[in-house]
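Worksheet: the structure to be examined is printed underneath.
When a ligand or atom number is given, it counts from 1 through the structure's own listing order.
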Amino acid sequence: MTMPDRQRSCTLHIRKDALKFSAAHMTVFPDGGKENLHGHNYQVELAVELAEPPALAHMLSYEVFKQALRAACNEWDEKVLIAADNPWLEMLAAADGEYAFRLCGKRYVLPTDEVVVLAVDNITAENLARLLCERFWEQLARDHSIFWPERITAVSVRIDESRGQGATYRMGFGNRSSEIVSE
Ligand SMILES: Nc1nc2c(c(=O)[nH]1)N=C([C@H](O)[C@H](O)COP(=O)(O)OP(=O)(O)OP(=O)(O)O)CN2
């Protein structure tokens with residue numbers, strides 16, 4: 001029996017010990033409570049779906065994807081991640097070179113160069129997986145000489161905060177839509 005073409009796919013997956021970033025954050029909960037400031041060594045995994053294994057002339061090297069993912073991870077490495085859209089975030093006046101804020105009633109002052117402010121309402125694995133997936137795709141698209149978007153049917157990024165706990169964000173192209181899976 002022959003399988004219809006639309007049921008076939010080929011997935012490149014990349015999970016390497018070196019694909020990670022170390023960052024600090026505080027998850028805020030719906031009742032307005034929050035965790036203490038703490039850090040994770042976030043492990044990152046990538047899947048790139050293709051309709052078919054590409055012919056030699058269009059082979060996509062793992063390195064192309066790793067470069068784009070590393071560039072996206074590096075922006076967050078050794079930073080404190082702050083959710084700009086959190087309803088319990090209050091910006092405070094600060095000295096030059098400092099970032100001062102109150103979150104859920106507690107006051108923090110940090111060096112500006114150690115802070116990354118992200119356009120999300122909470123620093124969760126779900127939101128980080130979405131942002132990293134989007135950043136990865138933008139980074140890949142920036143280098144047109146190595147990019148054949150029409151051959152890629154979906155990309156997904158999985159982030160594990162700790163072993164066995166994290167989230168995956170998937171962007172499907174064509175008539176499939178983005179979806180998120182929490183673990
Ligand atoms: N839906 C989500 N829930 C939580 C997230 C998240 O990203 N998405 N993140 C956290 C925390 O940041 C945290 O680091 C994990 O917390 P928790 O599971 O409570 O703690 P442990 O990893 O130590 O787990 P144990 O199984 O208790 O050892 C919380 N929730």
Side-chain angles (χ1 to χ4, degrees), residues 11-49 65-92 94 98-140 152 154-173 176-183:
T11 303
L12 296 176
H13 49 93
I14 297 175
R15 181 184 171 92
K16 308 284 283 183
D17 289 347
L19 276 176
K20 62 178 176 62
F21 61 93
S22 304
H25 81 120
M26 295 171 269
T27 301
V28 173
F29 299 106
D31 65 0
K34 72 164 188 63
E35 303 176 315
N36 289 345
L37 184 63
H38 67 285
H40 299 282
N41 292 318
Y42 290 92
Q43 191 67 48
V44 176
E45 191 173 343
L46 174 73
V48 177
E49 295 175 36
F65 301 117
K66 285 190 287 189
Q67 276 175 9
L69 199 55
R70 273 189 219 112
C73 287
N74 286 346
E75 289 176 30
W76 297 348
D77 195 37
E78 298 188 0
K79 302 292 182 192
V80 179
L81 305 179
I82 302 294
D85 304 333
N86 189 280
W88 285 279
L89 177 72
E90 184 193 342
M91 296 309 303
L92 303 174
E98 289 185 342
Y99 182 88
F101 63 100
R102 206 184 302 278
L103 185 63
C104 303
K106 279 191 173 175
R107 182 172 167 273
Y108 298 83
V109 181
L110 297 165
T112 308
D113 65 347
E114 295 184 20
V115 172
V116 172
V117 181
L118 298 174
V120 287
D121 66 4
N122 208 359
I123 303 296
T124 57
E126 298 91 308
N127 283 334
L128 294 182
R130 176 172 72 81
L131 291 179
L132 201 61
C133 194
E134 291 170 355
R135 279 156 195 247
F136 161 76
W137 188 248
E138 284 163 17
Q139 192 70 37
L140 201 61
I152 298 175
V155 293
S156 56
V157 167
R158 171 177 171 151
I159 290 185
D160 281 352
E161 279 191 342
S162 56
R163 194 172 157 80
Q165 192 159 276
T168 300
Y169 192 82
R170 179 176 180 279
M171 299 196 302
F173 306 110
R176 282 179 290 177
S177 55
S178 303
E179 58 192 60
I180 195 158
V181 183
S182 281
E183 295 189 357

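- Under 4.0 Å is where a charged nitrogen must lie from a carboxylate oxygen, and between E134 and R130 at least one such pair does.
- Counting atoms of ligand 1 from 1 in the listed order, those under 4.0 Å from a heavy atom of H25 are 12 (O).
- Residue T124 approaches ligand 1 through these ligand atoms, each under 4.0 Å from one of its heavy atoms: 6 (C), 7 (O), 8 (N).
- Those atoms of ligand 1 that come under 4.0 Å of a heavy atom in A125, given as number and element, are 6 (C), 7 (O).
- Using cut-offs of 30° and 60° for the angle between ring planes, the W137 and F173 rings count as parallel.
- Here the shortest heavy-atom distance to atom 9 (N) of ligand 1, taken over H40, M26, E161, Q165, belongs to E161.
- Relative orientation of the F101 and Y99 rings is tilted, given thresholds of 30° and 60° on the angle between their planes.
- Considering every non-hydrogen atom in both R70 and L19, the closest pair reads CG-CD2, 3.8 Å.
- Distance alone, capped at 3.5 Å, places no donor-acceptor pair between the D160 side chain and the Q43 backbone.
- Under 4.0 Å from ligand 1, the heavy atoms of T27 that appear belong solely to its side chain.
- At least one N or O atom of E35 sits closer than 3.5 Å to an N or O atom of ligand 1.
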